[in-house]
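Structure record follows, encoded as structure tokens.
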Amino acid sequence: MAAPTIPLIAPRDLDFVLYELLEVERLLERRRFADHSRETFEATIATARRIAEARFRPHNRANDENEPRWDGRSVAIIPEVKAALDAFSEAGFMAAQADFDQGGMQLPVTVAQAAFGLFTAANIGTAAYAFLTIAAGNLLEAFGSNDQKRVYLPPMRAGHWFGTMALTEPQAGSSLAEIRTMAKPAADGSYHLRGSKIFISGGDHELSENIIHMVLARIDGAPPGVRGISLFLVPKFLPKTDGTPGRRNGVALAGLIHKMGYRGTTSTMLNFGETEPCIGTLIGEPHQGLACMFHMMNEARIGVGLGAAVLGYAGYLYSLDYARTRAQGRRPGAKGIDAPPVRLIAHADVRRMLIAQKAYVEGGLALCLMAARLVDDEKTHPDEAERRRAALLLEVLTPVVKAWPSQYGLAANDLAIQILGGYGYTRDHPVEQYFRDNRLNPIHEGTNGIQALDLLGRKVRMAEGAAFRALTEAIEKDLGAAGSAAPSDETVVEIALALGDALAATRSVTARLVDAMDKDTDRGLANASLYLDMMGKLVVGWLWLRQASLAAKALAAGSSETEFYEGKRQTALWFARYELPQTSLQASLLTGGETAAYDMRDAWF
Amino acid sequence: MKVLVAVKRVIDANVKVRVKTDGSGVETANVKMAMNPFCEIAVEEAVRMKEAGVATEIVAVSCGGASCAETLRTALAMGADRGIHVQTDLALQPLGVAKLLKAVIEKEQPKLVITGKQAIDDDSNQTGQMVAGLLGWAQGTFASKLTVEGEQLRAKREVDGGLETVLLKLPAVVTTDLRLNEPRYASLPNIMKAKKKPIEALTPDALGVDPTPRLTVLKVIEPPKRKSGTKVKTVAELVEKLRNEAKVI
């Protein structure tokens, strides 16, 4: 039997978020989820936890130490990766949220994401292949033709074929307008693609029978810029008429990229149509490629945020366990060397680092799963107005959901290393790897800088500010509920007051910045990252208020789980005292249109 | 051939078990629970027998409080056909469970009963043997390989000196060892199917059994903490310590 180990995500916290904070059981009233019950949700999470612990976690370090290698013919990956992904697919996780008639389990996105978070926490390098395949499958399902879906979707949902997202080119990273890969129409309705892509995760390997690339390219004669980009399906092996993989298509591996972390996932340079013709088929309408991609991107960004939150979570739990077992030093003020050393956790500064991590990772988990819950509402809420409201909230929240956990999950990993001290800096403990793996998350799927521009430049202004209003009204409603809750809880009231201040500041700053952007867009967006951070504090502060309210209610009702709920309430209080007040300084910089960085000139550096 | 499998709900193997502060037992409130790993092996073996066309029906049985139904549901998701939950809030001990199982077996008439060799909570290693004893059936304990041969069962047993193969006349009771198989995960489609499989609720009264514990737990304590080691300077000092302190030579 395996020795007791540190959980991947605290089971009680995951249950709290799913069943108390997000009330996923209420989804059971909806027709799509009528065959489910709390029991099936719990069994899903239990199976995910087991496979993640038994098949994903054990080779997390081996993945890091044995980067995929390419000998010019094939890519070698340690065998544990395929074994883990096979177990994942065989248990049905590739199709967890797909319809029953596709062989899926028709799970709510919230539960499917929670389950996926366990695999990511265990081994993000291996889990990424599944992440990409699920995302590519969702894209195909939303925009693919019936023929494309018939041939490609079943083997992808079964995990026999994997998927990728091929967007980036050497000259086109954050700016997809520069994409140069070309697609020439062929007589049979297909296209011949030519060009190069870079940083394509999962772009080549021997883990699956086939690899299905979702490729952005321009049809000959397409308009310049983002309005001329189309989406193509390009298989590594062209399917035969019986649906099995046939001859090799003209997509060739040009090299592997060697990364700081996330090393289990191949990152590839791919050439399309260089020596052999590369045949692709159009997905959706010509020149609508980016629109299709962005449809998928919102869910992918939730996935990135969640990955960052759970890597932070894994580091938090590891450093917590370490702080509880490692004895070192005596409390300041204690006399003499005769007294036995205390556990690390007895030191105030260590508890400071633990509570900050707890606030970041549990806040991040709640944030990402709330976004997943909004995806469920957007798709399945019986009321049209509620579906629309969920869609608006998702629009404005997506940049925060992607950026906040990837910044603060990483900050948590940094603190975890610090708690372990010199040991944390060694490869004998996993916290340094969590940090390196997590360092990708502020970069990919739209850098955090891009998220800031998206939030301030687009999302808060869209539909005449309707998305921003939907968010502030939702926060206001919970502020009201916290204020009028009986019996009143002193801590909750204090948190609500701090959050109320942050909300008022965000409202006035937003109005001011919208005006500033109308006058001068570039200057108005100069502090967009600061604005994104302020919004992150507001939104996560809101989630902590809701968690504190639930905790206070449970404690007042005499719950036996006093330690769990006290921990929640205290962490919310920490957030209200240490994090939320920072929005006041941020607001003054933003309102004043601060330009100290903006005015700096190239030659002055 | 009908196969009956007994499954027990225990504290999850990954949880660090804590002793209650009053020493009356271990802390189980808000602790993650799971199916006993040896019972998983038992379920897996029955499912493999069914897949091989040897078993026709698999009945999973669990005795205990309301939450045991979840453990039965896991057995159903792994491939058992139906469940029987003997409901009682008594703190059951092996003899009580064995009597309850005997009553269920007499009602169900299976040809083979598979249990785990022991449960990871109390490590008793008694229930399977007691069931066989009470029924007067053949028993093959600590099995690491099972083959049904007509009306007989060949069982390879893990014993102290190595492996022993016994031939049992059916009906029989078998208890599972670790190497018998590697249990499958409850897949998502099978979790959905399990929802529709029946679980019958019974009570000790209805079975005419009194499972009241016969043993009294006096006190539960943590095992002693391992003391830190010391370095010895000479072989002579080591021998002296082994002889006089450790008293092992």
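Since the structure is predicted, the reported quantities are computational estimates derived from the model, not experimental observations. Letters A, B, ... mirror the listed sequences (proteins, then strands); counts begin at 1.
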Measuring from [X]:[atom1] to [Y]:[atom2], what's the distance to the nearest 0.5 Å?
X	Y	atom1	atom2	answer
Thr40(A)	Leu188(B)	OG1	CG	9.5 Å
Ile51(A)	Tyr185(B)	CD1	OH	5.5 Å
Arg184(B)	Arg50(A)	CZ	CZ	12.5 Å

Side-chain contact test, heavy atoms from C-beta onward, threshold under 4.5 Å: evaluate it for [X] versus [Y] and give yes or no.
X	Y	value
Lys195(B)	Ser37(A)	yes
Ile191(B)	Glu39(A)	no
Arg49(A)	Lys32(B)	yes
Asp321(A)	Lys16(B)	yes

[X] atom [atom1], over 12 foreign heavy atoms within 6.0 Å:
X	atom1	answer
Glu222(B)	CD	yes
Lys145(B)	NZ	no
Arg38(A)	CZ	yes
Gln102(A)	CD	yes
Phe100(A)	CZ	yes

Under 4.5 Å from any heavy atom of chain B - which part of Ala96(A)
both
Examine whether an atom of Phe564(A) lies under 4.5 Å from a heavy atom of chain B, and if so say whether it belongs to the side chain, the backbone or both; otherwise answer neither.
neither
Out of Glu53(A), His36(A), Glu42(A), Gln106(A), return the one with the most heavy atom pairs under 4.5 angstrom to chain B.
His36(A)
Keeping Ser187(B) on the side-chain end and Gly92(A) on the backbone end, is there a donor-acceptor pair under 3.5 Å?
no
Determine the minimum heavy-atom distance between Asp35(A) and Met192(B), stating which atoms define it.
O-CE, 3.4 Å
Using non-hydrogen atoms and a 4.5 Å limit, figure out which bit of Ala77(B) sits close to chain A: side chain, backbone, both or neither.
neither
